[in-house]
Chemist: 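Supplied in structure tokens, the structure appears directly below.
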Amino acid sequence: MKPGVLPHMWCSGCGIGGMLGALLRAFEELGYANTDTVVVTGIGCTGKADDYLLTNALHTTHGRALAFATGIKAFKPKLNVVVLMGDGDSVTIGGNHFIHAARRNIDLTAIVLNNLNYGMTGGQVSGTTPGWAITSTTAYGNPERAFDICALAETAGANYVARCTPDQGWEMKEIMKQALGRKGFSLVEVVSPCPTHFGRYNEMKETPEMLRWLGERAMPVELYRKLPQGEHKDRFPVGTLVDRNEPDFNTRYDTIRARARQEA
Ligand code: SF4
């Protein structure tokens, strides 16, 4: 954390500070050096996170953080590359880059703070806003269906996929350590309160109400998978959802390059 930057800019009760704290503790426990680590951000409330960091940082354009991060990892494979995005950056405006980063299985860790709306610009509907939710642009309800970010990453080919909520401080740090330690594309979704916009429009103005609402829906993945068909309702699983070891992009590329040299 940069000295002299606190207090941070996020609203009281926002989950971004807790997410960043867990990530910094994970860096420390894994012994990541600032010089060997680059944090890439996009635009929005989560995109401001690099203002507080001493690691290398790249603040990019909206929805393109994963494209920039892919270039960094392809060119400098030894760097630890971490991408911090909101739901807008990752799967709404940035959806195509998200799918292809997971498909390539590029060796980086994407952390998505999913606050279910566009927070910084006034609480507009995003690609993860639930169908019933009111936002500043869906005053009578949202006609669109929401993306399941973890299912999207799994289907597109990510090696590691996990989900947590900001009240799981210790577990969140442990999940981030696992994600950072896996080769290939790792995704951690943090489903987070945004009391300022999402909560205000949906009768959860106070942070405890939003945390209670999240707590009633989050369920350990082991229990979630045992629920009978039709009883999942609006619950979502938390914990490690996918953990596999497919070759990452740079490994595949090195194999092709070696073969090309042999045949030249
Ligand atoms: Fe957090 Fe929402 Fe405030 Fe942005 S607007 S800092 S997401 S609470």
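Just the heavy atoms: all of them, side chains too, but no hydrogens, waters or symmetry mates, feed the values below. Remember, it's 1-based here, ligands and their atoms both numbered in the order they're listed.
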Chemist: I need the protein N, O or S atoms closer than 2.8 Å to atom 3 (Fe) of ligand 1, given as residue plus atom name.
Modeler: C11 SG
Chemist: Between E174 and K177, is there a side-chain N and carboxylate O pair less than 4.0 Å apart?
Modeler: yes
Chemist: In terms of hydrophobic clusters joined by side-chain contacts under 4.5 Å, are V190 and Y160 together?
Modeler: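 They do share one cluster, since a chain of ILVMFWY contacts under 4.5 Å joins V190 to Y160.
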Chemist: For the CZ atom of R104 and the CG atom of L66, what is their distance to the nearest 0.5 Å?
Modeler: 10.0 Å
Chemist: Look at E216 together with R235 and state whether they make a salt bridge at an N to O cut-off of under 4.0 Å.
Modeler: no
Chemist: Are E246 and N159 linked by a side-chain donor-acceptor pair shorter than 3.5 Å?
Modeler: no
Chemist: Can you run down the side chain to side chain donor-acceptor pair (under 3.5 Å) pairs that involve residues 63-84, sequence neighbours left out, and say none if there aren't any?
Modeler: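 Matches after skipping sequence neighbours: T37-N80.
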